[in-house]
*Asks:* 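Structure provided below as structure tokens; questions to follow.
Chain naming here is simple, since letters A, B, ... match the order of the sequence lines and numbering starts at 1 in each. All heavy atoms count here, side chains included; hydrogens, waters and symmetry mates do not.
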2 protein chains.
Amino acid sequence: MSVNGTISHEIASLLRDEILRSQYRRGERLPSERDLAARFNASRGAVREALSQLEQLGLIRILPGGARVQAIDAASIAILGPLMAIDVLPDPLLVDQFLQTFGALAALTARSAINQASNEEMRNLQGMVERLGKHAGDFGAMQTRWREFLEYLATVADNLVVRLIGNDLKAQFVEQMMNLGINPVMKPATIKQLVNSLKLALASKDAELAATTIQMQFDELRMAVGEAISLKQASYQKQAV
Amino acid sequence: MSVNGTISHEIASLLRDEILRSQYRRGERLPSERDLAARFNASRGAVREALSQLEQLGLIRILPGGARVQAIDAASIAILGPLMAIDVLPDPLLVDQFLQTFGALAALTARSAINQASNEEMRNLQGMVERLGKHAGDFGAMQTRWREFLEYLATVADNLVVRLIGNDLKAQFVEQMMNLGINPVMKPATIKQLVNSLKLALASKDAELAATTIQMQFDELRMAVGEAISLKQASYQKQAV
DNA sequence: CGACCAATTTGGTCAGACCAATTCTAACTG
DNA sequence: CAGTTAGAATTGGTCTGACCAAATTGGTCG
């Protein structure tokens, strides 16, 4: 899970997952730092660093007398990744909410981008959409192109708030999906239609149209991902038998 | 800034602000833990805890050889609050981006809420909008009602991802605005129009209409807040003379 | 000038200690 | 017996000083 192989990160990761698995009730007191140190065969310092991280994540509150577990929905976005990774398959509902949110932000980005784009940026965007139209067959290549397109939109829109959120979400989500090898399948016809809509939006500098198109794009993606997960789920159950 | 009065939080807060003030270039190495400890008259342990927090914020990366400063736009949302609080007045552009983002998420929330609301929840929503229509004069009361309305929308929509983001954003933003005493002024006529639109959307269960209405509501708010900040700015400059 | 090796620095971790504030316990009181 | 309260045990916050492995640095040699 955590790339950095330090003990404190390790401890933080373990405790985080335990909390996310709701093995502690909200408001409950975590074991004392000394107890945790004993349990993990580590020094108190290492445990304190771990707790410090969990506090930053909003999972616990440390105060004299003991560290207390907070409500999950008071935490930071950074817990979403671990939360999805806890079970073998991510919670489909959570994934759906994820894509909804991502879609809304992408739509906002598209709107701003078109409103602010310079002539040159506009040409670049049109070029990218053009290329988006081809490669309708190869899924991998297409996904890459889409991501580049969205990335460039973000650059043009230049909204720090959205960018920060996007970073977090991407870090939490995309990686998960990749690991699971979930390949959403979208109908070529639908894609072509969306691309055409995008072209039109760019040509006429219609920010609203671009926004709704992106929105629809993500709605399609949501459905496709949902089906992909269902499939995976079925195959897992098959294995279990 | 930081509520918790521990030394490690204090150090983290100071270093964070220095980094946000770009007193370190990206990729640059932070002073060593020992040096920092000497500078802050603290133990290395306290410094390490502070650095641990900054790492969680995405501001730095700690690795053997030294802690290096990361690009601001690779950080977590949690830095937005401090970022806005660095100058006497928050950067208007940042505030605007903030509200845009918040608006997009609120619109999404409204859409989902209406799509998922039970009959009882629907009645509650209608009641709240009804009350929203009154009190058009008293700004404080109205703001409270709006916030309750949005809060309830979030409850109904029940989207964990949006909720987590919203938590962060609110924690970072609303508090700042409050502290500065920025009172955006919106035309009563506009408000009335928006409320009517909301009523209609609820009555006909039109999720799209609700979403766009909320969107417009925030667009109005953006303009109002922008003006309010300009005013403040002018008064500050007046003081300086 | 570039490759290589040794000394130094740096982060990671540990052990043990002290303080102040909180929490717990048990005796005490009405 | 319930409620209060004083004292003991626990807990987080911090410090000191130490050791290791990896990385950085600086000088030396080809």
*Asks:* Per the salt bridge (Lys or Arg N to Asp or Glu O under 4.0 Å) rule, what does the pair list look like for residues 51-78 of chain A, sequence neighbours excluded?
*Replies:*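 Output for this query is empty, none listed.
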
*Asks:* Between the two ends of the helix from C:dC1-D:dG30 to C:dG30-D:dC1, what is the bend in degrees, rounded to 10 degrees, where each end axis spans five pairs?
*Replies:*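 Comparing the first five pairs with the last five, the axes sit 10° apart.
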
*Asks:* Near A:Arg21 CZ, under 6.0 Å, is it more than 12 heavy atoms from other residues, nucleotides or ligands?
*Replies:* yes

*Asks:* B:Arg163: which residues meet the salt bridge (charged side-chain N to carboxylate O under 4.0 Å, His left out) condition with it, sequence neighbours left out?
*Replies:* B:Glu151

*Asks:* Could you write nucleotides 12-19 of chain C as a row of B, S and -, 5' to 3', where a protein heavy atom under 4.0 Å of any base atom gives B, of only sugar-phosphate atoms gives S, and otherwise -?
*Replies:* BBB--B--

*Asks:* Not counting sequence neighbours, list each pair that qualifies as a salt bridge (Lys or Arg N to Asp or Glu O under 4.0 Å) and has a residue in residues 79-103 of chain A.
*Replies:*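 Listed once each, the pairs are A:Asp96-A:Arg222.
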
*Asks:* Got a sec, which residues hit side-chain contact (heavy atoms from CB on, under 4.5 Å) with B:Asp158, two or more places apart in sequence or on another chain?
*Replies:* none

*Asks:* When the distance from CG of B:Leu36 to C1' of C:dT9 is rounded to whole Å, what number comes out?
*Replies:* 14 Å

*Asks:* What residues form a side-chain contact (heavy atoms from CB on, under 4.5 Å) with B:Gln217, not counting sequence neighbours?
*Replies:*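 side-chain contact (heavy atoms from CB on, under 4.5 Å) list for B:Gln217, sorted by chain: B:Trp146, B:Met186, B:Leu194.
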
*Asks:* What nucleic acid atoms does A:Arg29 come within less than 4.0 Å of, heavy atoms only: base, sugar-phosphate, or nothing?
*Replies:* sugar-phosphate

*Asks:* Of all residues at least two apart in sequence or in a different chain, which pass the side-chain contact (heavy atoms from CB on, under 4.5 Å) check with B:Ser112?
*Replies:* A:Gln100, B:Leu108, B:Gln116, B:Ala157

*Asks:* Just jot down the side-chain contact (heavy atoms from CB on, under 4.5 Å) partners of A:Ser22, sequence neighbours excluded, or say none.
*Replies:* none

*Asks:* Distances under 3.5 Å only, N/O to N/O: pair up the protein atoms with those of nucleotides 4-8 of chain D.
*Replies:*
none

*Asks:* Restricting to side-chain hydrogen bond (donor to acceptor under 3.5 Å, both in side chains), what partner residues turn up for A:Ser52, sequence neighbours left out?
*Replies:*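 Only B:Gln53 meet the side-chain hydrogen bond (donor to acceptor under 3.5 Å, both in side chains) criterion with A:Ser52.
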
*Asks:* Which residue pairs satisfy the salt bridge (Lys or Arg N to Asp or Glu O under 4.0 Å) criterion with at least one member in residues 33-47 of chain B, sequence neighbours excluded?
*Replies:*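 Those involving residues 33-47 of chain B are B:Glu18-B:Arg39, B:Glu33-B:Arg44, B:Glu33-B:Arg48.
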
*Asks:* For B:Glu10 and D:dT14, give me the distance from atom CD to atom P, rounded to whole Å.
*Replies:* 10 Å

